[in-house]
Amino acid sequence: VNITSSSMPPSKPVNITSSSQWSGNFDCSGPCRRKRLVGEEFSKKAMEKYRREGKVLKCKQCVAAAEAVERKAAQDRAEAKAKACGDDSGEKEVKGGSMISGGGGASSPPLQPPVTCAACQQSLPPPSYNRNQLSKPSGKARCRSCVEEAVAKEAEAVKSTKQDRLEKAQRDLEDAKRSGDTKKIIAAESVLAALEAEVVTGLKPVMLGKGRGRGGRWSS
């Protein structure tokens, strides 16, 4: 039996960046309170905890917003502490223009020297880095801004890769339909369906039955 392209409806374009195209079974417990989200909206770690322990879910958007607020608060506290130490250990002017040391002198902790960011190469005060970065060997630390930028770029690259895979699967299916080869059509539909299921469920497709001489089949 040959299935021609004219006998089958054209496939709709797939876009993982369009939330209106997908409807899932997951709700976000974060500030956004969005409902019926797909697995792609949550991190892999969050989805694993949800399935294993029944933990509540927070979407990537809410987690990123909370982390940004926490980083800003930590930076503000560190800068305020550094400023207080500088005021206490600095010199104060008295009558006659003479200078005296204030704040207890040697009892005040010395100010930490600036650290050069391995990414932007700027010499920045320690509050511009998180603890994890400051614990790295000399020349390896990255400032908060560079870390956030790198995380955002990595997330965008992952999303772009998934979108490229979906678009390729879409093109392969259209080519298979034009060829009229039933086996190619079924195989292409299976690949596309597995990738779409990954977006909705957050689970990567697994090839079952591989190496047993009976071919394989996709499962999610």
Using a 6.0 Å cut-off, check whether atom [atom1] of [X] has over 12 heavy atoms from anything other than its own residue.
X    : atom1 : answer
R131 : CZ    : no
K60  : NZ    : yes
K136 : NZ    : yes
E70  : CD    : no

Does K168 have any side chain to side chain donor-acceptor pair (under 3.5 Å) partners at least two apart in sequence or in another chain, and if so, which?
D172
Determine yes or no for a side-chain-to-main-chain donor-acceptor pair under 3.5 angstrom, with S160 supplying the side chain and A157 the backbone.
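No, S160 side chain to A157 backbone: no donor-acceptor pair under 3.5 Å.
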Quick check: does any side chain N or O of S128 sit under 3.5 Å from a backbone N or O of C143, one acting as donor and the other as acceptor?
no
Taking the side chain as C-beta and beyond, is there a heavy-atom pair between T116 and Q121 under 4.5 Å?
yes
Hey, does K162 have a side-chain heavy atom less than 4.5 Å from the side chain of L195?
no
Considering all heavy atoms, the nearest [X]-[Y] contact:
X    : Y    : result
L166 : E196 : CD2-N, 4.0 Å
P31  : C62  : CD-SG, 3.5 Å
C28  : C59  : SG-N, 3.3 Å
L173 : L192 : CD2-CD2, 3.7 Å
L57  : A46  : CD2-O, 3.5 Å

Test log, rule side-chain contact (heavy atoms from CB on, under 4.5 Å), inputs K177 and K184
CA-CA 8 Å; K177 287 179 180 179; K184 287 183 178 179; over 6 Å; no
In the hydrophobic clustering (ILVMFWY, side-chain contacts below 4.5 Å, transitive), which residues join V151, or is it alone?
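Members other than V151 - counting any ILVMFWY side chain reachable under 4.5 Å - are V147.
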If you group Ile, Leu, Val, Met, Phe, Trp and Tyr whenever their side-chain heavy atoms sit less than 4.5 Å apart, what else falls in with L124?
V115, Y129, L134
Run the ring pair (Phe, Tyr, Trp, His ring centres under 6.0 Å) check on F42 and Y50 step by step: do they pass?
CA-CA 10 Å; F42 305 89; Y50 172 78; 8.1 Å; no
Show your reasoning for whether salt bridge (charged side-chain N to carboxylate O under 4.0 Å, His left out) applies to R171 and D175.
CA-CA 6 Å; R171 292 193 300 269; D175 291 342; over 6 Å; no
Can you name the salt bridge (charged side-chain N to carboxylate O under 4.0 Å, His left out) partners of D27, sequence neighbours left out?
none
Among all residues two or more places apart in sequence or in another chain, which pass the salt bridge (charged side-chain N to carboxylate O under 4.0 Å, His left out) test with K183?
none
Residue pairs, two or more places apart or on separate chains, that pass salt bridge (Lys or Arg N to Asp or Glu O under 4.0 Å) and touch residues 137-150:
R71-E148, E149-K153
Measuring from atom [atom1] of [X] to atom [atom2] of [Y], what distance do you get when rounded to the nearest 0.5 angstrom?
X    : Y    : atom1 : atom2 : result
C32  : E41  : SG    : CD    : 8.0 Å
C146 : Q133 : SG    : CD    : 9.5 Å
E167 : Q163 : CD    : CD    : 4.5 Å

